[in-house]
Engineer: 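Dropping the structure in here first, questions after.
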Amino acid sequence: FLALFFHLFLPPAKSNISFRQEVNYTISVRLDDHQHKLHGHIKMQYINHSPDTLTEIFIHLWPNAYKNNQTAFARQKVETGSTRFYFADKKEKGAIDSLHFLVDNTNISWEYDPVHIDIARLILKQPLLPGGQIIIETPFRLKIPASFSRLGHVGTSYQITQWYPKPAVYD
């Protein structure tokens, strides 16, 4: 009776499956130190080590945090008492653009997250099975913002972090 009770009324124990997705990058990039821009192309080999079949992949576009005053970064700066970014000229702000995502050399649909413009959702044409792999690639252009945080520049002195499109952690 007890065995039947536990089987019917208690949730199953959580699985201890541990995995880490694998992403291997090839990036070519050129710095335009007159316009404070990076022009690049990224190719990512994405290997699905999860037990799940994936129909979408989320990509971080961190430079879009510096795009306007509606981003989480802009709100955080104001909440901590810093208004320098909020009142900065548009030319001092930055963003990543000129994106054209391909998966295995095929155009795919993608969209910005409706709330967070620093996240894109790639919609895969074919599900990515456990153990499967795909090649994701895109050109990109990054307008480097003035130095408000870890990504920025002062003249031609650059602090370059979180500058290229990269998959979000899947767990």
Side-chain angles (χ1 to χ4, degrees), residues 20-49 54 56-80 82-125 128 133-171:
R20 181 174 293 166
Q21 300 297 60
E22 182 177 341
V23 183
N24 300 301
Y25 300 91
T26 302
I27 303 173
S28 60
V29 67
R30 177 178 55 85
L31 170 65
D32 176 345
D33 63 352
H34 296 288
Q35 298 292 318
H36 308 296
K37 292 183 179 179
L38 294 177
H39 301 269
H41 184 272
I42 187 167
K43 184 181 273 191
M44 301 171 269
Q45 176 193 37
Y46 186 98
I47 303 171
N48 182 11
H49 291 299
L54 306 179
E56 59 190 8
I57 294 176
F58 290 86
I59 302 288
H60 285 294
L61 303 171
W62 295 117
N64 279 349
Y66 302 92
K67 190 171 186 171
N68 60 43
N69 290 340
Q70 284 74 50
T71 67
F73 172 77
R75 288 190 302 274
Q76 178 187 37
K77 294 307 264 182
V78 170
E79 288 170 5
T80 60
S82 175
T83 58
R84 185 171 159 258
F85 179 80
Y86 189 85
F87 290 109
D89 290 336
K90 184 176 181 177
K91 67 180 180 175
E92 293 181 281
K93 296 187 177 179
I96 191 167
D97 62 19
S98 302
L99 301 164
H100 182 82
F101 288 101
L102 301 174
V103 171
D104 294 334
N105 290 318
T106 302
N107 289 320
I108 61 160
S109 297
W110 69 278
E111 61 191 16
Y112 289 103
D113 181 271
V115 176
H116 304 284
I117 61 172
D118 55 355
I119 298 173
R121 181 173 72 104
L122 308 185
I123 301 141
L124 303 178
K125 286 187 174 184
L128 180 57
Q133 60 183 295
I134 56 175
I135 301 294
I136 302 168
E137 61 184 301
T138 185
F140 64 94
R141 181 178 59 194
L142 167 63
K143 180 181 178 291
I144 303 167
S147 188
F148 298 105
S149 184
R150 292 177 280 183
L151 172 65
H153 76 94
V154 177
T156 56
S157 174
Y158 296 93
Q159 305 84 45
I160 305 294
T161 62
Q162 309 290 349
W163 55 277
Y164 55 89
K166 63 183 180 179
V169 171
Y170 178 79
D171 58 5

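In this chain, numbering begins with 1 at the start of the sequence shown.
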Engineer: Flag the pair E137 / M44 as yes when at least one side-chain heavy-atom distance between them is below 4.5 Å, and no otherwise.
Structural biologist: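 Counting from C-beta outward, E137 and M44 never come under 4.5 Å.
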
Engineer: If we check ring-ring contact (aromatic ring centres under 6.0 Å, His included) with Y164, which of these qualifies: F140, W62, Y25?
Structural biologist: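 Running ring-ring contact (aromatic ring centres under 6.0 Å, His included) over F140, W62, Y25 with Y164 returns exactly one hit, Y25.
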
Engineer: With a 6.0 Å cut-off on the ring centroids, do Y66 and F73 count as close?
Structural biologist: yes

Engineer: Is a side-chain N or O of S147 found less than 3.5 angstrom from the main chain of G152, in a donor-acceptor match?
Structural biologist: no

Engineer: Counting C-beta onward and ignoring hydrogens, is there a side-chain heavy-atom pair between Q21 and Y46 closer than 4.5 Å?
Structural biologist: yes

Engineer: Taking side chain to side chain contact (heavy atoms under 4.5 Å, CB included) as the criterion, tell me which of D118, I119, L99 meets it with Y112.
Structural biologist: L99

Engineer: Are K77 and R84 side-chain neighbours, meaning at least one heavy-atom pair lies under 4.5 Å?
Structural biologist: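 Side chain of K77 against side chain of R84, heavy atoms only: no contact under 4.5 Å found.
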
Engineer: Of all heavy-atom pairs between Y158 and D33, which one has the smallest distance, and what is that distance?
Structural biologist: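 Closest approach of Y158 to D33: OH-CA, 3.3 Å.
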
Engineer: Find out whether I47 and N24 are in side-chain contact, i.e. whether some heavy atom of one side chain is under 4.5 Å from a heavy atom of the other.
Structural biologist: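 Answer yes - side chains close enough.
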
Engineer: Got I123 and W110 here, is their nearest side-chain heavy-atom distance under 4.5 Å?
Structural biologist: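 Answer no - side chains too far apart.
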
Engineer: Shortest non-hydrogen contact from P145 to G94?
Structural biologist: CB-N, 3.7 Å

Engineer: Roughly how far, to the nearest 0.5 Å, is NE2 of H41 from OG of S98?
Structural biologist: 12.5 Å

Engineer: Applying salt bridge (charged side-chain N to carboxylate O under 4.0 Å, His left out), which residue pairs with at least one partner in residues 85-102 are found, sequence neighbours left out?
Structural biologist: D97-R141

Engineer: Where do N64 and T71 come nearest, in terms of heavy atoms and distance?
Structural biologist: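 So the two residues come closest at O-CG2, 3.4 Å.
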
Engineer: Taking all non-hydrogen atoms of both residues, which atom of F85 and which atom of A65 are closest, and how far apart?
Structural biologist: CZ-O, 4.2 Å

Engineer: Would V23 and Q45 satisfy side chain to side chain contact (heavy atoms under 4.5 Å, CB included), going step by step from the backbone distance to the final call?
Structural biologist: CA-CA 5 Å; V23 183; Q45 176 193 37; over 6 Å; no

Engineer: Given 3.5 Å as the limit, does a donor-acceptor pair link the side chain of S82 with the main chain of V78, or not?
Structural biologist: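 No, because the side chain of S82 does not come within donor-acceptor range (under 3.5 Å) of the backbone of V78.
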
Engineer: Does the pair I135 and N105 meet the rule for a side chain to side chain contact (heavy atoms under 4.5 Å, CB included), with working shown?
Structural biologist: CA-CA 8 Å; I135 301 294; N105 290 318; over 6 Å; no

Engineer: Compare all side-chain heavy atoms of N48 with those of I134 and state whether any distance is below 4.5 angstrom.
Structural biologist: no

Engineer: Mind checking side-chain contact (heavy atoms from CB on, under 4.5 Å) for N107 and listing every partner two or more places apart, or none if nothing turns up?
Structural biologist: H100, L102

Engineer: Checking E79 now: which residues fulfil salt bridge (Lys or Arg N to Asp or Glu O under 4.0 Å) with it, not counting sequence neighbours?
Structural biologist: none

Engineer: What are the two closest heavy atoms between L54 and L124, and how far apart are they?
Structural biologist: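 L54 and L124 have their closest heavy atoms at O-CD1, 3.6 Å.
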
Engineer: Checking R121 side chain against D113 main chain: does a donor-acceptor pair fall under 3.5 Å?
Structural biologist: no

Engineer: Passes side chain to side chain contact (heavy atoms under 4.5 Å, CB included), V29 versus W163? Steps please.
Structural biologist: CA-CA 11 Å; V29 67; W163 55 277; 3.9 Å; yes

Engineer: Under a 3.5 Å threshold, yes or no: a donor from one side chain and an acceptor from the other, between H153 and Q159?
Structural biologist: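 Absent: no donor and acceptor within the cut-off.
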
Engineer: Between Q162 and H60, is any side-chain donor less than 3.5 angstrom from a side-chain acceptor?
Structural biologist: no

Engineer: Are side-chain heavy atoms of L142 and I144 found at a separation under 4.5 Å?
Structural biologist: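 SC-SC contact between L142 and I144 confirmed.
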
Engineer: If you round to the nearest 0.5 Å, how far is CG of L38 from NZ of K143?
Structural biologist: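 Rounded to the nearest 0.5 Å, the NZ-CG separation comes out at 12.0 Å.
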
Engineer: Restricting to non-hydrogen atoms, name the atom on P165 and the atom on T138 that form the minimum distance, rounded to 0.1 Å.
Structural biologist: CG-CG2, 4.2 Å

Engineer: Looking at side-chain heavy atoms only, is the closest gap between L61 and I117 below 4.5 Å?
Structural biologist: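 No - every pair of side-chain heavy atoms lies 4.5 Å or more apart.
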
